[in-house]
Novice: 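Dropping a structure here in C-alpha cells format, bear with me for questions.
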Amino acid sequence: MIELQDITKTFIHRSWRSLLFLGKPKTVDALKGVSLKAYPGEIFGLLGPNGAGKTTLIKVLATLILPDSGSGSIGGYDLFRQSHKVRRLIGLVNTGERSFYWRLTGRQNLSFFASLYNLTGLDSRDRVKELLTLVGLQDMADMLFMKYSSGQKQRLAIARALLSAPEVLLMDEPTNSLDPLAASELRTFVKEELVAQYGKTILWCTHNLKEAEEICSRFSIIHKGKVIASGSLENIKSLIAAESSFRIKVNSLSPELLSRMNVSPFCISHKKGYTEFEIKEKEENIASLLDHLIEHNVKIYSCTQVERDLEETFGRLIQNDI
C-alpha cells in the first residue's frame, strides 16, 4: 500500500548572519535514502528519537513537501506525479492539532471540513454523524471544541481524517500529550476498529517503544534521517542477536569452575539455596556448557533465554549507528 525508495530531503537554514555577510547557509540532511514498504491492512511503525526525520517523512507521504530525490507510491499511485490521486487515499492525523475552530462544536468543525471535501447537505450530516459515532464522540458532538479533553480532541482529529474515507491513515505521534488511559483507548480503537473492522492501513509514527511494540506488526527504525533496521520485532532483534543472553540457576558455582569453563557472567547473584548468573553465548554452545556443569556435580535448576525487548534493541541499534 505504501512504498518508498531512496527518499532524500535536505533543508537549508539561513541565519541573519549568512544573509548580511553572504555566508554559507547551514544544511540539514533530514532524510538520507529512506526506503520502506507497508502492506494493506497493517499497522506499520515508524520509530525513532526526536529529530530523526519521522515528521519530515510523514509530510512527504502526505504530499506536503517534495523530496530532493527518490520515488514512492501509495495505493499504486505515484507519490509525486499523481499527488492529486494520492490525496484521495490518505488521511493525516497531526500531533498537537491547532487547525480546529475552538469556538465551534465538534459537529460544526466536522461539517466545515466536510464541505472542503465537497460533502454537503444530507451527505455531510450523515457522514459527520457516522464518524462521531465511530470515534465515540456522539454524546459530545455539540460541545465546544475548547472544552474537549486531549483524548477527545485526538479522536475528533481522527474523525476528520476519515471524512474522505481514506484507505491509509498517517498518524504522527498520535498519543503525544495523552494520559495513559486515553492513549490505551486510542490504540485499542485504531487496532480493533480501524484496522480489524475497516481494513485501514496505518502508518504509526512514534518514539514510544512500548506503544509500538504493542500495536505495530512491523517497524522501520529511523535515525539521523536513515532507516537502520526494518521488519518484524523478531527480525529486528535478530540483527543484534549473534549472541543471546541466558539466565542459569544452579545450586552453587565457584569462581574456579567458571574460569576453567572460560565463561564470564555479566550478572551473578548468590541467594539462599542457589546461585543465578547470566551469560552472553551462542545458543548452540549452551548444551555443552550445561554438560560441563553437570560433569562437575553442579545441579541445574533452570536455563532460560532472556527476551530482549524493543527498547533494548532500539538502543543498541542506534548505538551501533552512531
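Values below: all heavy atoms of this structure, side chains included; hydrogens, waters and symmetry mates excluded. Since the model is a prediction, treat every value here as computed from it, not as a measurement.
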Novice: Below 6.0 angstrom between ring centroids: does that apply to F113 and F100?
Specialist: yes
Novice: Assess, by modelled atom type and distance only, whether the side chains of S230 and S220 contain a donor and an acceptor separated by less than 3.5 Å.
Specialist: yes
Novice: Under the salt bridge (Lys or Arg N to Asp or Glu O under 4.0 Å) rule, what pairs show up with a residue in residues 191-208, not counting sequence neighbours?
Specialist: none
Novice: Could you please spell out the steps behind the side chain to side chain contact (heavy atoms under 4.5 Å, CB included) verdict for D29 and T8?
Specialist: CA-CA 8 Å; D29 295 324; T8 64; over 6 Å; no
Novice: Going by salt bridge (Lys or Arg N to Asp or Glu O under 4.0 Å), name the pairs with one or both residues in residues 32-44, residues two or more places apart or in two chains.
Specialist: E3-K37, E42-R218
Novice: State which residues pass ring pair (Phe, Tyr, Trp, His ring centres under 6.0 Å) with Y101; sequence neighbours excluded, sorted by chain then number.
Specialist: F112
Novice: I want to check something: taking the side chain as every heavy atom from C-beta on, are K54 and E173 in contact at a cut-off of under 4.5 Å?
Specialist: yes
Novice: What pairs meet the salt bridge (Lys or Arg N to Asp or Glu O under 4.0 Å) rule with one or both residues in residues 66-86, with sequence neighbours excluded?
Specialist: K9-D68, D78-R81
Novice: Check whether any side-chain heavy atom of M171 sits under 4.5 Å from a side-chain heavy atom of I158, and report yes or no.
Specialist: yes
Novice: Would you say the side-chain atoms of S124 and S111 include a donor-acceptor pair closer than 3.5 Å?
Specialist: no
Novice: Nearest 0.5 angstrom please: I248 CD1 to I286 CD1, how far?
Specialist: 5.0 Å
Novice: Got R160 and L163 here, is their nearest side-chain heavy-atom distance under 4.5 Å?
Specialist: yes
Novice: Give every residue pair that meets the salt bridge (Lys or Arg N to Asp or Glu O under 4.0 Å) criterion with at least one member in residues 286-301, sequence neighbours excluded.
Specialist: none
Novice: Could you check F189 against V135 for side chain to side chain contact (heavy atoms under 4.5 Å, CB included), going step by step and ending with a plain yes or no?
Specialist: CA-CA 8 Å; F189 168 73; V135 300; 3.8 Å; yes
Novice: Do L134 and Y198 have side-chain heavy atoms sitting under 4.5 Å apart?
Specialist: yes
Novice: By the ring pair (Phe, Tyr, Trp, His ring centres under 6.0 Å) test, which pairs, at least two apart or in different chains, include something from residues 50-85?
Specialist: none
Novice: If you apply the rule side chain to side chain contact (heavy atoms under 4.5 Å, CB included), what do you find for F11 with T56, and how did you get there?
Specialist: CA-CA 10 Å; F11 292 105; T56 300; 3.9 Å; yes
Novice: Can you check whether Y39 reaches T201 side chain to side chain, under 4.5 Å on heavy atoms?
Specialist: no
Novice: Honestly, is K153 close enough over Y148, meaning NZ or CZ under 6.0 Å from the six-membered ring centre and within 45° of the axis?
Specialist: no
Novice: Check the pair L61, I90 against side chain to side chain contact (heavy atoms under 4.5 Å, CB included), reporting the backbone distance first and the verdict last.
Specialist: CA-CA 9 Å; L61 288 167; I90 63 174; over 6 Å; no
